[in-house]
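Please read the structure below before turning to the comments.
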Amino acid sequence: MATIGQDIDYACQLLREGKLVAIPTETVYGLAGNGLDEEAVAAIFDAKNRPSFDPMILHTSALEKVQPLIYPIPKKLQILANHFMPGPLSILVRKRDSIPDIVTAGSPKVAIRIPSHPLTLTLLSKLDFPLAAPSANPFGYISPTIPDHVYQQLGDKISYILDGGPCKVGLESTIVDETDGVVTILRKGGVPVEEIEKWVGKVKVKERSSSNPQAPGMLDSHYSPTVPLVIADLSEVMKKYDPQRIGYLSFRELSPDLPKNHQFVLSRSGDLQEAAYHLFSFMRQLDELDLDIIVAQLLPEEGLGRAINDKLRRASQKTHP
Ligand code: TXA
Ligand code: MG
């Protein structure tokens, strides 16, 4: 089983040997391996049970370090990089041949990100290769935001979990592409759409689509708990289900009609950042209760609320056998 600790040099050593290490970031925990080593990347796909058409993000401590691996960064993405890196933003850039095709699932573009977690930034600065790191969860399940989440699900598949405490943002990075001068958000995440538009003007936002998994983070049944999750009026669900068997993921308030310990409030003060911080952890806690259904409330469709609602909608898409 994996050990959990804060030994950056040990993590470096394992990564240099081609092994996998779970790393903290401000968004979610990542399952990291040498991004230029095909075998290490293949081991990540394996550990996660992830389909090979789903590309991975490369993590670095500075864009200059990956410069030899990519073509020049498009202008608007460079502006975004200047403002949001390190931070919860990933940019798509054309890759050179030194980045193995397995990383990008054959796409000519690679996603690059500089995470803003101090432990991981130090780790990355000591390495002379970028780290491929998808979220450290089995494919299709909720992303981990504390070391224990990683340990529970992937502990038997990796050697080490670098413990950086709970993830401050709690939502994955926002992924942006620029094609012919047009910026498109491929995945809503920790940097809100509005923040991006402040710097590069109006952008396109790719909405969910199961028929076109071009950015496979766009696959509908992502981030799903095992217990069915629905976005619905609690009163409607109570007509069909025993209130003792319903879990509730509410934005601001408890419901008087359900057991208190089956309910999680994302932010009593209505703070979207706090809601994002709690989201995945509360989804997991609800999933661990013995319930028939989880009812989730949508948040205001603004700022981080857009990304949170996106996750909730996806979680509600899972087809349960
Ligand atoms: O916050 C994050 O981005 C976290 C932390 C660990 O950095 N990572 C993360 O990775 O969420 P992952 O693998 O769970 O999700 C990455 C998604 C892929 O599912 C895919 O949709 C998109 O990023 N992606 C990666 N490379 C891409 C590419 N070359 N073209 C299009 N989409 C890409
Ligand atoms: Mg993921």
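Just follow the structure's listing: the first ligand is 1, and inside any ligand the first atom is 1.
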Indicate yes or no: does an N/O atom of [X] lie under 3.5 Å from an N/O atom of ligand 1?
X: Tyr29; result: no
X: Glu172; result: no
X: Lys48; result: no
X: Thr25; result: no

Should one rank [options] by closest heavy-atom distance to [atom], which comes out on top?
atom: atom 30 (N) of ligand 1; options: Leu92, Ile44, Leu89; value: Leu92
atom: atom 29 (N) of ligand 1; options: Lys109, Arg187, His59; value: Lys109
atom: atom 9 (C) of ligand 1; options: Ala111, Ser90, Ser135; value: Ser135

inquiry  = Restricting to non-hydrogen atoms, name the atom on Leu272 and the atom on Ile308 that form the minimum distance, rounded to 0.1 Å.
reply    =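 Scanning both residues completely, I find the closest heavy atoms to be O-CD1, 3.8 Å.
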
Distance alone, cut at 3.5 Å: any donor-acceptor contact between the side chains of [X] and [Y]?
X: Ser173; Y: Ser90; answer: yes
X: Gln78; Y: Asn82; answer: yes
X: Arg113; Y: Thr60; answer: no

request  = Flag the pair His149 / Asn137 as yes when at least one side-chain heavy-atom distance between them is below 4.5 Å, and no otherwise.
outcome  =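 Contact flag for His149/Asn137 side chains = no.
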
query = Does Pro88 have a heavy atom less than 4.0 Å from any atom of ligand 1?
reply =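 No heavy atom of Pro88 comes that close to ligand 1.
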
request  = Take every heavy atom of Lys95, measure it against each atom of ligand 1, and state whether any distance is under 4.0 Å.
outcome  =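 It does not, in that no heavy atom of Lys95 comes within the 4.0 Å cut-off of ligand 1.
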
key: CE on Met85 to CD1 on Ile91, rounded to 0.5 Å   =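 CE of Met85 is found 4.0 Å from CD1 of Ile91.
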
Atoms in ligand 1 flagged as close to [X], the criterion being non-hydrogen separation under 4.0 Å:
X: Ile175; value: 17 (C), 22 (C), 23 (O)
X: Gly30; value: 6 (C)
X: Ala133; value: 6 (C), 8 (N), 10 (O)
X: Thr27; value: 1 (O), 2 (C), 4 (C), 5 (C)

key: Plane angle bin for Tyr160 and Tyr10 - parallel if under 30°, tilted between 30 and 60°, otherwise perpendicular   =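 Plane angle over 60°, so perpendicular.
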
request  = Please determine if the Mg ion (ligand 2) has an N/O/S atom from Ser135 lying under 2.8 Å away.
outcome  =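 It does: Ser135 brings an N, O or S atom closer than 2.8 Å to the Mg ion (ligand 2).
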
key: Lys/Arg cation over aromatic Tyr71: Arg94, 6.0 Å, 45° cone   =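 Checked: cation-pi criterion met.
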
request  = Salt-bridge test for Asp310 and Arg306: reply yes if a basic N is under 4.0 Å from a carboxylate O, no otherwise.
outcome  =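 Salt bridge flag = no for Arg306 with Asp310.
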
query = Near Tyr241 OH, under 6.0 Å, is it more than 12 heavy atoms from other residues, nucleotides or ligands?
reply =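 For Tyr241, atom OH is not crowded (no more than 12 foreign heavy atoms under 6.0 Å).
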
query = At a non-hydrogen distance cut-off of under 4.0 Å, which region of Met56 contacts ligand 1 (side chain, backbone, both, or neither)?
reply =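 It is the backbone that gets close, since no side chain atom is under 4.0 Å.
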
